[in-house]
Amino acid sequence: MARRGLDPEARQGLTLIAPPFLYALAILAAPLLTILAYSFLTDGYLEILRQVTLSNYAQVLTDPIVRTVMLRSLFVSGMVTLVTVALAFPVAYYVSFMVRPERKSMWLFLITIPFWTSYLIRVFLWKVILGYNGVINSSLTGLGIIDEPLTFILYNVNSIVLTLAHAYAPFAILPIFVALEKIDRSLLEAGRDLGESRLMTFWRVTLPLAMPGVIAAVLIVFIPTIGDYVTPELIGGGKIPMIANLIQVQMLALDNRPLGSALAVTAMLIVAIVSLLFLFLNRRFLKVRQ
């Protein structure tokens, strides 16, 4: 009997997917392998010495500045994820359960409107809104509520969290909405028929079944925000750098590509560990709820 690997249909399928797979592998793997290789080299004056060393990682792990920036990046990304998912779930729930089926497409269309403009433009808009002479300060001053413009609403962690939460809100709403749409409504009716309240039905049925969408939203928001560069630079005024800003300084301003690569690899490892932790907690949650 012929082996499955020699099946003509299977061979034809592999032939079709091989070119795009190899192309994607080259595009994704080549830069990562290059950064990984650079992280083990030695930085010289205006050149990179081909001397393998672990000093870059030792500096990353022992430098208090790097530790402070990394912890700040994790904190900001965690806060952005928490705020974004907490605000996205009610919106997704409303569209899935409250909106009539024929109008859901219109609501999804409205949710995706922020994608029509550049991410950079949206960040600049928040800077205009929160600025010293921005919309909020001008409105409060014009109404006589304050005498002088507020200075604490911009260039701080709160403004960064607010801007990133708005920018990534659609990314959180859509996967949660898809998960809620897959829930069999008869399960909810059965729960209520058995005497459960709407709140308990939501806690015991809706939330566990929607958890894959919630975890997807968490990962979609957490992973890019921890490496965001533009928002801390503009909304934070360069005073609250995150790990991406530190990598940029090492790579370009200081021309220390080995150390910058070590920072990037370390950040990727931390993101991978946190992501795996979320997935593990999701599996544990689903087992407990079953």
I would like to know whether Asp228 and Thr225 meet side chain to side chain donor-acceptor pair (under 3.5 Å); could you show each step before the answer? CA-CA 5 Å; Asp228 190 90; Thr225 54; over 6 Å; no
Is there a side-chain contact between Leu246 and Pro241, using heavy atoms and a 4.5 Å cut-off? no
Under a single-linkage definition using a 4.5 Å side-chain heavy-atom cutoff for Ile, Leu, Val, Met, Phe, Trp and Tyr, are Met98 and Val95 assigned to the same hydrophobic cluster? yes
Within the structure provided, determine whether Ile111 and Pro170 are in side-chain contact (heavy-atom separation under 4.5 Å). yes
Side-chain touch Val274/Ile223, heavy atoms, less than 4.5 angstrom: no
So which atom in Gly131 and which in Asn137 form the shortest heavy-atom distance, rounded to 0.1 Å? O-ND2, 2.8 Å
Do other residues, nucleotides or ligands put more than 12 heavy atoms under 6.0 Å from Arg185 CZ? yes
Greater than 12 external heavy atoms within 6.0 Å of Lys104's NZ: yes
Leu130 CG to Ile136 CD1 distance, which is reported to the nearest 0.5 Å: 5.0 Å
One should read off an interatomic distance between Ile220 CD1 and Thr81 OG1, to the nearest 0.5 angstrom, of 11.0 Å
State, to 0.1 Å, how close Val161 and Met79 come at their nearest heavy-atom pair, and which atoms those are. CG2-CB, 4.1 Å
If you apply the rule side chain to side chain contact (heavy atoms under 4.5 Å, CB included), what do you find for Val80 with Ile226, and how did you get there? CA-CA 9 Å; Val80 171; Ile226 197 173; over 6 Å; no
Would you check if the side chain of Ser138 reaches a backbone N or O of Val135 as a donor-acceptor pair within less than 3.5 Å? no
On a heavy-atom basis, which atom in Ala262 and which in Val60 lie closest, and how many Å separate them? CB-CG2, 4.0 Å
Assigning hydrophobic clusters by single linkage (Ile, Leu, Val, Met, Phe, Trp, Tyr; side-chain heavy-atom cutoff under 4.5 Å), is Ile215 placed with Val85? yes
Determine yes or no for a side-chain-to-main-chain donor-acceptor pair under 3.5 angstrom, with Thr53 supplying the side chain and Thr42 the backbone. no
Which value, rounded to the nearest 0.5 Å, describes the distance between Gln59 atom CD and Asp43 atom CG? 10.0 Å
Please step through side chain to side chain contact (heavy atoms under 4.5 Å, CB included) for the pair Leu164 and Ile160, ending with a clear verdict. CA-CA 6 Å; Leu164 289 173; Ile160 294 175; 3.8 Å; yes
Only one of Thr163, Val76, Leu120, Ile240 clears side chain to side chain contact (heavy atoms under 4.5 Å, CB included) with Thr231; which? Thr163
Taking every heavy atom of Ala216 against every heavy atom of Pro175, the minimum-distance pair comes out as CB-CB, 4.1 Å
Looking at Ser39, Ser261, Pro258, which one forms a side chain to side chain contact (heavy atoms under 4.5 Å, CB included) with Asn56? Pro258
So, for Ile243 and Val69, which heavy atoms are closest and what is the spacing to 0.1 Å? N-CG1, 3.5 Å
Under 3.5 Å: donor-acceptor pair, side chain of Asn245, backbone of Tyr229: yes
Just wondering, more than 12 heavy atoms not from Phe97 lying within 6.0 Å of its CZ? yes
Using only atom types and a distance under 3.5 Å, with no angle test, would you say the side chain of Asn256 pairs donor to acceptor with the backbone of Gln250? no
Is there a donor-acceptor pair under 3.5 Å between the side chain of Ser96 and the backbone N or O of Ala92? no
To the nearest 0.5 Å, what is the distance between CH2 (Trp107) and CG (Leu110)? 7.5 Å
Output field: ring centroids Tyr119/Phe171 closer than 6.0 Å: no
Mark yes or no for whether Arg257, through its side chain, and Asp255, through its backbone, hold a donor-acceptor pair below 3.5 Å. no
Leu263 reachable from Ile273 in the ILVMFWY side-chain graph, under 4.5 Å edges: no
If we ignore hydrogens and angles and just use 3.5 Å, is the side chain of Ser159 paired with the main-chain N or O of Asn156 as donor and acceptor? yes
Same cluster or not: are Met242 and Leu71 linked, directly or through other Ile, Leu, Val, Met, Phe, Trp or Tyr residues, by side-chain heavy atoms under 4.5 angstrom apart? no
I would like to know whether Tyr57 and Thr266 meet side chain to side chain donor-acceptor pair (under 3.5 Å); could you show each step before the answer? CA-CA 8 Å; Tyr57 288 99; Thr266 304; 5.7 Å; no
Could you tell me the separation between the CG atom of Leu154 and the CD1 atom of Ile235, rounded to the nearest 0.5 Å? 6.0 Å
What closest approach, in Å, do Thr62 and Ala58 show between heavy atoms, and which atom pair accounts for it? OG1-O, 2.6 Å
So Phe222 and Leu74, do their side chains get closer than 4.5 Å, heavy atoms only? yes
Would you indicate whether Tyr38, at its atom OH, is surrounded by more than 12 heavy atoms from other residues, nucleotides or ligands within a distance under 6.0 Å? no
Out of curiosity, Ile35 CD1 to Met251 CE, how far, rounded to the nearest 0.5 Å? 5.5 Å
Shared ILVMFWY cluster between Val271 and Leu279, side chains joined below 4.5 angstrom? yes
Please confirm whether the backbone N or O of Ala169 pairs with a side-chain atom of Thr84, one donor and one acceptor, at under 3.5 Å? no
